[in-house]
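What follows is a single structure, written as structure tokens, with notes after it.
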Amino acid sequence: MTDHHPPSESHRSGVLPPDTGGRAVRVGTAGVVIGVAVVAGYVSYRHAYELVLANGEEPTAAALVPLTVDGLIFAASLTALETARRGGKTPVLARFALGLGVTASITANVTHGLGHGLAGALVAGWPAVALILVFELLLTAVARPVLLPGVGTRGADVPGPVSEASDVPVESGTEGDSGSLGSFDHLLAQAEDIFGGELAAGHRPSIRAIRAALSIGQPKARRVQAYLDAVLAERSQSHKLS
């Protein structure tokens, strides 16, 4: 019979040891992705420039038009990145802009290579596809949720506990995180009790399940989920040592 060890106070306060290995992987991934993006972006830009120039535009316009396409993709990607950092959903307009920019970029590159047949079109279209994919990879590597006071994200350098409930960012249309830290500790204990079976099986409760079980909004549900992650990690470590 394995003794149950309650989560340490550091988990409740949000002070968790930094995951330097995970940070190194993220930085390395971001560096490689940026390098590929520079190469793919240059080739894709040159294809679009030559296409615009060959279709009647003067050199200055031909040099600027491709930037509107790449700029649209870049702006939409930054919007998606910032939204992902805050744990929200990408706005519809950003999705539309990204889709439009992607379509325009691939179309321009493929059209540029059509004069050399199907193989030429595929080769010419590849840089645009690679550029789009590395944007998404960079988004995945860099995107990190905004840290909420009271509960930290595993693997992150988390500041000390914050006593002001008003410092917790609240998403539009969701419940604010009002109330004392004591009442929130009670909520954490309640969550651990409700999801005890799932935690024992090594399963992580979803945000939707937490919200439904505790009747709380998105911000509190994310904090509760982060706490349950810490419980899972500590139980796993206890099992390894026992």
### Message
For residues 110-125, which residue pairs pass the side chain to side chain donor-acceptor pair (under 3.5 Å) check, not counting sequence neighbours?
### Response
E50-H112

#### Entry: Check: N109 side chain, S105 main-chain N or O, donor-acceptor pair, under 3.5 Å
yes

### Message
To the closest 0.5 Å, what do you measure between CD1 (I194) and CD1 (I210)?
### Response
10.0 Å

## Note on the structure
Contacts of A104 meeting side chain to side chain contact (heavy atoms under 4.5 Å, CB included) (sequence neighbours excluded), chain-then-number -> V69

### Query
Taking all atoms of both residues into account, what is the closest heavy-atom pair of R211 and G217, and its distance?
NE-C, 3.9 Å

#### Entry: Remaining members of the apolar cluster that contains L122, side-chain heavy atoms under 4.5 Å
L118

### Query
With a 4.5 Å heavy-atom cut-off, do V231 and L188 have their side chains touching?
no

### Task
Sort and list the pairs that fulfil ring-ring contact (aromatic ring centres under 6.0 Å, His included) and have at least one residue in residues 187-221, not counting sequence neighbours.
none

#### Entry: side chain to side chain contact (heavy atoms under 4.5 Å, CB included) involving V43 - partner list, sequence neighbours excluded
H47, P127

### Query
At their closest point, which heavy atom of R235 faces which heavy atom of L199, and how far apart are they?
NH1-CB, 3.5 Å

### Query
With sequence neighbours excluded, what pairs up with A61 under the side chain to side chain contact (heavy atoms under 4.5 Å, CB included) test?
E57, E58

Show the atom names and distances, to 0.1 Å, of all donor-acceptor pairs under 3.5 Å that link a side chain in residues 95-103 to residues at least two apart or in another chain.
from : atom 1 : to  : atom 2 : distance (Å)
R95  : NE     : T90 : O      : 3.4
T103 : OG1    : G99 : O      : 2.8

### Message
Using 0.5 Å steps for rounding, measure from the OH atom of Y42 to the CG atom of D70.
### Response
13.5 Å

### Query
With F74, which residues qualify under side chain to side chain contact (heavy atoms under 4.5 Å, CB included), at least two apart?
L78, F135

### Message
Would you compute the distance between atom CD1 of I73 and atom OG of S44 and round it to the nearest 0.5 angstrom?
### Response
7.0 Å

#### Entry: Cluster overlap L214 with L232, hydrophobic side-chain contacts below 4.5 Å
yes

### Query
Which atom pair, heavy atoms only, marks the closest approach of L51 to A108?
CD2-O, 3.5 Å

### Task
Keeping the roles fixed (side chain from E198, backbone from R204), state whether a donor-acceptor pair exists under 3.5 Å.
no

### Task
Measure the spacing between CD of Q218 and CD of Q225 and express it to the nearest 0.5 Å.
9.0 Å

## Note on the structure
Under a side-chain separation threshold of 4.5 Å, the hydrophobic residues clustered together with Y45 are Y49, L53, L64, L67

### Task
Write down the atom of V224, the atom of A191, and the distance for their closest heavy-atom approach.
CG1-CB, 3.5 Å

